[in-house]
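Have a look at the structure below, then the notes.
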Amino acid sequence: MNVLAELRRRFAAALAPWVPDPAALAELAGMVRISQDPKFGDYQANCAMPLKQRLNRASRDIATDLVAALKVNDLCHPPEIAGPGFINLKLRDDFLAAQLNHALADPRLGIAATGSPGAAPRRRFVVDYSAPNVAKPMHVGHIRSTVIGDALSRTLRFAGHEVITDNHIGDWGTQFGMIIYGYKHFRDEGAYRANPVAELARLYKLVNRLVDYHDGRARLPELAQKLAAQESQLKTAAAEPLPTEKNALKKAQQALRRLETQVRETGEALTALRASLAAVEGDAALAGPLAAHPKIATAVLAETSKLHVGDAENLALWREFMPPCLEEIARIYRRLGVTFDHTLGESFYQDRLSGVVADLKKHGLARESDGAVCVFLDGFDIPMIIQKQDGAFLYATTDLATIQYRVSEWHPDAILYVVDHRQSLHFEHLFAAVQQWNKASHLWGDQNLELMHLRFGTVLGEDRRPIRTRSGESVALESLLDEAIRKAFDVVSTKDDAKPEGAELLADERRRIADVVGIAALKYADLAQNRESDYIFSYDKMLSLEGNTATYMQFAYARVRNIFAKGQIADAALAKLSAPVNLSQPTERALALELLRFSEALDACIADYRPNHLTAYLFELAGRYSNFYNECSVLQADDPATRDSRLRLCDLTARTLRQGLALLGIDVIERM
RNA sequence: GUCCCCGUAGCUCAAUUGGAUAGAGCGUUGGCCUCCGAAGCCAAAGGUUAGUGGUUCGAAUCCACUCGGGGAUACCA
């Protein structure tokens, strides 16, 4: 049972005579909360105060009447009224014990599935996440979308929703023009045969560097000119006498500061550009290709465009490259334990794009402007371009086609996009456009379709700039995984060697544990910190195995399981225990209360699609278990009834931790 | 220029979406293994929630302005 939801229902019933408006009633009933401080009880209701004005009475009196009308004595001790009218509720121990019994007997731990009585209605979700570019190695920037999307999908599914996951991979863009060009001009046949993915990655990097180089050369004069202009502007501004009037002075100083920043930033950009050009020029291996391919940028675009119009040679190459590229990302997903129901990338939608454009034109939603086909939308300064002057389609076009496909094939209630926040404007455009399109063309009709951009912050380095290695490339995702596992292995070995009775793990088992612990740490660091602001990447933090980490929960789990192992209590024996749970010790009661909040944590996680509610809950639960573990002996309890009661608390704790972590895509181990 | 996001302990982040004395982790200081696993537990120090005004029973949260940071900004994705 979701105790919070039940209390809200009880309050709604008690409030109904005073509050006829259903919306207002729901809002007031929603003011039942978990208490922040145990001294205020387990839950508190804050709805008396807002009624003060509506009823024109003292809020404390309202609280008194409300408590009189409230029927909760099967759940709680008599409510207490505090301060201006806070109503504090404390659950009865016999109620807690009964709920624990129920959860213990249920494989779903007492969590009602959607669609069942009293639970939320079942919905169908499409979750779009990860979406890497398959032509280049996955890097650290891909981890957030992948891990968050996976956790949300698992959580929604467990709650009872229908979930369709779809990896919208980048398999049709300019990157393929680059590797096709690279393959035609620079490939090492032997290397390609031996390891196609590695060779293609090398070619991608090589071509990318050459293109960047020529691009940089072309930009250099412009940038230098810009700097000179800004410098002279600054000089002129600085030479002018400062105004004496206070506001004007402030403005002038501000303008000066802004100019100084501009000059500094342009100067830095220029220096960086010169350095990168010099690096390429100083690289003997690049001298030949550089001289021989001066027009590489346009040539790459030409290869891309040949692919798009169906050129036989390029299409054949693309078909040849795709399997190893897909196998490469599949390998990473296997290591992460991430799966998808579908992998329908950009290429899948190519033959639908012209139809999308035609349909939008037909309904008057799109028109030509400066040679490009644009969708102009109310409330936006700029249009969304769906076809370029040269006839090429854009990612906006693909995204429209993708929605069209998803609604016609899958009929979802919601589509969730787990994507970097920098694409916010794109999604605002896209959602606005598709709503218009639906009105004109009945893509999904009158039913409600929730389109949601679940944005997250960019992964930045510790210098607050996009994460890079010393050589200037993004950190490969795989090297991060290796590092996480390597570090976990060191810690596992150290801890095992230090055990009082000597090491107990074989090398093989240590490796298996390190795998689980390392990947878990990596995922958890991301899930626990799901904010919309940027994310400072730090090896130390991401791979930490202490404090609020997945390791903490895994450790708590292993300690529970160790009790069962020491006591030689099999799972079957645990399941047969039926002794009433006794909550006389404060740490027992606190643990029990936390165990029953699992359902609330899941609801919160789903309500705003934020796994960090779940991580916070699991951290809290593991903490309560640690307190209990320190205070209460289980195997050496004073009497058999207490022992059995505590064994049952341990059992439910272990199962809740295991289930909660599983929803985050994190495994547990029996020993570590 | 315009629009969007953000500013909370030394650092990285929470705060149940307007509730009571703003909480964790890391780091710092001190304590706890003869006792089911110390990857743990307990305690201490650390805050004008960037600032000013407003809204109300009540503000980190909502509104206005100021300061500071980031992002986006017609033909990359």
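The side chain of A:Met49 approaches B:C57 more closely than any other nucleotide in the set B:A15, B:C57, B:U21. The side chain of A:Leu425 sits closest to B:A72 out of B:A72, B:U17, B:A74. Checking B:A77, B:C5, B:C75 against every side-chain atom of A:Arg455, the shortest atom distance belongs to B:C5. The side chain of A:Gln53 approaches B:C57 more closely than any other nucleotide in the set B:U16, B:C57, B:U12.
For A:Arg624, no side-chain nitrogen or oxygen approaches OP1 or OP2 of B:G40 to under 4.0 Å. Taking side-chain N and O atoms only, A:Arg33 has a distance below 4.0 Å to OP1 or OP2 of B:U17. Look at A:Asn133 and you won't find any side-chain N or O under 4.0 angstrom from OP1 or OP2 of B:C76. Phosphate proximity of B:G58 to A:Lys52: absent, as no side-chain N or O sits under 4.0 Å from OP1 or OP2. OP1 or OP2 of B:C13 sits under 4.0 Å from a side-chain N or O of A:Gln529.
Taking atom P in both B:G46 and B:U66, the straight-line distance is 36 Å, to the nearest Å. B:C35 and B:C41 are spaced 14 Å apart, taking the C1' atom of each and rounding to whole Å. Comparing the same atom, P, in B:C62 and in B:G18 gives a spacing of 7 Å after rounding to whole Å. Of the P atoms belonging to B:U52 and B:U16, the separation is 24 Å, rounded to the nearest Å. Nucleotides B:A15 and B:G7, compared at atom P, are 11 Å apart to the nearest Å. Separation of the C1' atoms belonging to B:U8 and B:A60 is 7 Å when rounded to the nearest angstrom. Comparing B:G19 with B:C75, their P atoms are spaced 44 Å from each other, to the whole Å. Comparing B:C11 with B:G51, their P atoms are spaced 15 Å from each other, to the whole Å.
Side-chain N/O atoms of A:Thr642 and A:Asp639 include a donor and acceptor closer than 3.5 Å.
With A:Tyr629 as the aromatic partner, A:Arg559 meets the cation-pi criteria of under 6.0 angstrom to the ring centre and within 45 degrees of the ring axis. A cation-pi arrangement is not found for A:Arg597 relative to A:Tyr617, the charged atom failing to lie both closer than 6.0 Å to the ring centre and inside a 45° cone about the ring normal.
Note on A:Ser626: only backbone sugar-phosphate atoms sit closer than 4.0 angstrom, heavy atoms only; bases stay farther off. Heavy atoms of A:Phe376 sit under 4.0 angstrom from at least one base atom. Counting any heavy atom pair closer than 4.0 Å across all strands shown, A:Ala82 reaches a base atom. Backbone-only engagement by A:Leu394 is indicated by non-hydrogen atom pairs under 4.0 Å involving sugar-phosphate atoms exclusively. Across all strands shown, A:Arg597 has no heavy atoms under 4.0 Å from either base or sugar-phosphate atoms. Across all strands shown, A:Asp381 has heavy atoms under 4.0 Å from sugar-phosphate atoms exclusively, and none from any base. Residue-level contact check: A:Ala604 touches neither bases nor backbone, having no heavy atom under 4.0 Å from any strand. Residue-level contact check: A:Glu600 touches neither bases nor backbone, having no heavy atom under 4.0 Å from any strand. Within 4.0 Å of A:Pro383, counting heavy atoms only, lies at least one base atom of the nucleic acid. Using a 4.0 Å heavy-atom distance criterion, A:Asp390 is classed as making no nucleic acid contact.
When rounded to the nearest whole Å, the span between CG of A:Leu454 and C1' of B:C5 equals 16 Å. In this structure, NE2 of A:His421 is placed 16 Å from P of B:G69, rounded to the nearest angstrom.
Formation of a donor-acceptor pair under 3.5 Å by the A:Thr402 side chain with backbone atoms of A:Thr398 is found in this model. Side-chain atoms of A:Thr615 come within 3.5 Å of backbone atoms of A:Asn612 as a donor-acceptor pair (strictly under, hydrogens ignored).
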Sugar-phosphate atoms are those with a prime plus P, OP1 and OP2; base atoms are the rest. Using that split, label each nucleotide of nucleotides 23-38 of chain B B, S or - for protein heavy atoms under 4.0 Å, 5' to 3'. -SSS---------BBS
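Of the residues A:Ile87, A:Ile34, A:Asn88, the one that meets the side-chain contact (heavy atoms from CB on, under 4.5 Å) test with A:Phe40 is A:Asn88.
Under 3.5 Å, the side chain of A:Asn88 and the base of B:A20 form at least one donor-acceptor pair of N or O atoms. Within 3.5 Å, no donor on the side chain of A:Thr174 pairs with an acceptor on the base of B:A77, nor the reverse.
A salt bridge does not link A:Asp490 to A:Lys495: none of the charged side-chain nitrogens sits closer than 4.0 Å to a carboxylate oxygen. Taking a cutoff of 4.0 Å between a charged side-chain nitrogen and a carboxylate oxygen, A:Lys499 and A:Asp496 qualify as a salt bridge.
For A:His426 and A:Tyr395, the distance between ring centers is under 6.0 angstrom. Taking the six-membered ring for Trp, A:His168 and A:Tyr349 have ring centres closer than 6.0 Å. The aromatic ring centres of A:Phe555 and A:Tyr552 sit 6.0 Å or more apart.
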Kindly express the pairing pattern of RNA chain B in dot-bracket notation, using | wherever a base pairs with another strand and counting only Watson-Crick or G-U pairs under 3.5 Å. (((((((..((((.....[...)))).(((((.......))))).....(((((..]....))))))))))))....
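Between A:Gln423 and A:Phe86, the one whose closest nucleotide on RNA chain B sits nearer the 5' end is A:Phe86. Position along RNA chain B of the nearest nucleotide to A:Leu545 versus A:Gly173 favours A:Leu545 as the more 5'-ward residue.
Shown here are the side chain to side chain donor-acceptor pair (under 3.5 Å) partners of A:Ser145, two or more places apart in sequence or in another chain: there are none.
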